[in-house]
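What follows is one structure encoded as structure tokens, with my remarks underneath.
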Amino acid sequence: MKKNLFYYLFAMICSVALFASCSDDDDEVTGLTIDQVVGTFTGQLEVLNQSIPGTSIFVTKVDANTVKVELKDFKFSGLTISDISAECKVALDREGDDFDLNGQATLTVAALGNIELPISITGEVDAKELDIDINITNVPALNTLKVEFEGTK
């Protein structure tokens, strides 16, 4: 009799476990909107191992999938380069908490005889932080100049 009671209780426990469902407890991600990442980000610029604190980068909306990233009056080591500006495509990441940025443009450098240099911008932006890499290629004597920026609104 005890054996039958044991099997009965075991069957009950298994059926309760089988029919108990796991609810979808995950909070629904509403996602970041492009309007939330628009603004002025102030932080630190790194160029050739030189830190330039207090640098501002401006992010403006172009359309639903594009922002314009601007670094005005870019200069380092006493050399004024120019304004860096590029339209970047944005893609919401899987978690919905930041946008991946990717854009290309051409930079005209008056200090180097108005040569045009290709630039690419990659990185991430959310409502509070901007983290980007700006790669300027075909730079005389350097080939590629990497500019890194991390800043907050």
Side-chain angles (χ1 to χ4, degrees), residues 13-14 16-153:
I13 291 171
C14 288
V16 167
L18 180 67
F19 292 113
S21 65
C22 298
S23 66
D24 188 6
D25 292 343
D26 296 336
D27 294 332
E28 187 174 317
V29 175
T30 56
L32 187 66
T33 67
I34 199 165
D35 293 317
Q36 292 172 307
V37 303
V38 170
T40 303
F41 294 84
T42 303
Q44 185 162 308
L45 202 65
E46 292 279 333
V47 184
L48 296 175
N49 295 323
Q50 177 184 354
S51 296
I52 306 170
T55 302
S56 292
I57 291 188
F58 306 91
V59 177
T60 54
K61 180 179 176 179
V62 175
D63 61 35
N65 299 311
T66 310
V67 293
K68 185 176 189 178
V69 176
E70 293 180 283
L71 170 59
K72 297 183 179 179
D73 298 323
F74 174 51
K75 57 184 130 191
F76 71 98
S77 298
L79 179 64
T80 300
I81 304 299
S82 180
D83 292 347
I84 294 178
S85 178
E87 290 188 1
C88 297
K89 292 293 181 189
V90 295
L92 196 59
D93 73 353
R94 185 168 126 64
E95 292 81 25
D97 59 355
D98 64 31
F99 283 106
D100 294 326
L101 298 172
N102 191 347
Q104 289 83 33
T106 302
L107 173 67
T108 303
V109 184
L112 298 175
N114 288 328
I115 64 169
E116 293 186 349
L117 303 173
I119 64 168
S120 65
I121 296 178
T122 57
E124 296 178 342
V125 64
D126 64 26
K128 297 179 183 176
E129 298 177 351
L130 175 65
D131 182 3
I132 60 171
D133 293 331
I134 303 169
N135 289 307
I136 307 169
T137 55
N138 300 333
V139 178
L142 294 174
N143 195 21
T144 299
L145 177 63
K146 184 172 184 173
V147 179
E148 298 175 354
F149 176 81
E150 288 185 20
T152 58
K153 275 189 186 177

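One-based numbering along the sequence shown. We use all heavy atoms of the structure for the numbers below, so side chains are in, but hydrogens, waters and symmetry mates are not. The shown structure was predicted, so the numbers you read here are calculated from the model rather than taken from an experiment.
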side-chain hydrogen bond (donor to acceptor under 3.5 Å, both in side chains) between T137 and T144, intermediate numbers included: CA-CA 4 Å; T137 55; T144 299; 5.7 Å; no
Taking ring pair (Phe, Tyr, Trp, His ring centres under 6.0 Å) as the definition, give me every residue that meets it alongside F74, ordered by chain and number, with sequence neighbours left out. F76
Quiz: residues 110-126 side-chain donor-acceptor pairs under 3.5 angstrom, not counting sequence neighbours:
| unit_1 | atom_1 | unit_2 | atom_2 | d |
| --- | --- | --- | --- | --- |
| D126 | OD1 | K128 | N | 2.7 |
| D126 | OD1 | E129 | N | 2.6 |

Hits for side-chain contact (heavy atoms from CB on, under 4.5 Å) against K146, two or more places apart or cross-chain, chain-then-number order -> D133, N135, E148
Let me see the working for L107 and S82 under side chain to side chain contact (heavy atoms under 4.5 Å, CB included), right down to the final yes or no. CA-CA 8 Å; L107 173 67; S82 180; 3.8 Å; yes
Rounding to 0.5 Å, atoms CD1 (I34) and CG (N65) come to a distance of 6.5 Å
List the residues meeting side-chain hydrogen bond (donor to acceptor under 3.5 Å, both in side chains) with K72, not counting sequence neighbours, and say none if there are none. none
So, taking the atom named CG in N138 and the one named CG in L145, what distance separates them when rounded to the nearest 0.5 Å? 12.0 Å
Distance col, row E70:CD vs I84:CD1, nearest 0.5 angstrom, shows 11.0 Å
Specify the closest pair of heavy atoms between S85 and A105, including all atoms of both residues, with the distance to one decimal. O-CB, 3.4 Å
Could you note down all residue pairs passing salt bridge (Lys or Arg N to Asp or Glu O under 4.0 Å) where residues 40-63 supplies at least one of them, sequence neighbours left out? D35-K61
For E87, which residues count as a salt bridge (Lys or Arg N to Asp or Glu O under 4.0 Å) partner, sequence neighbours excluded? none
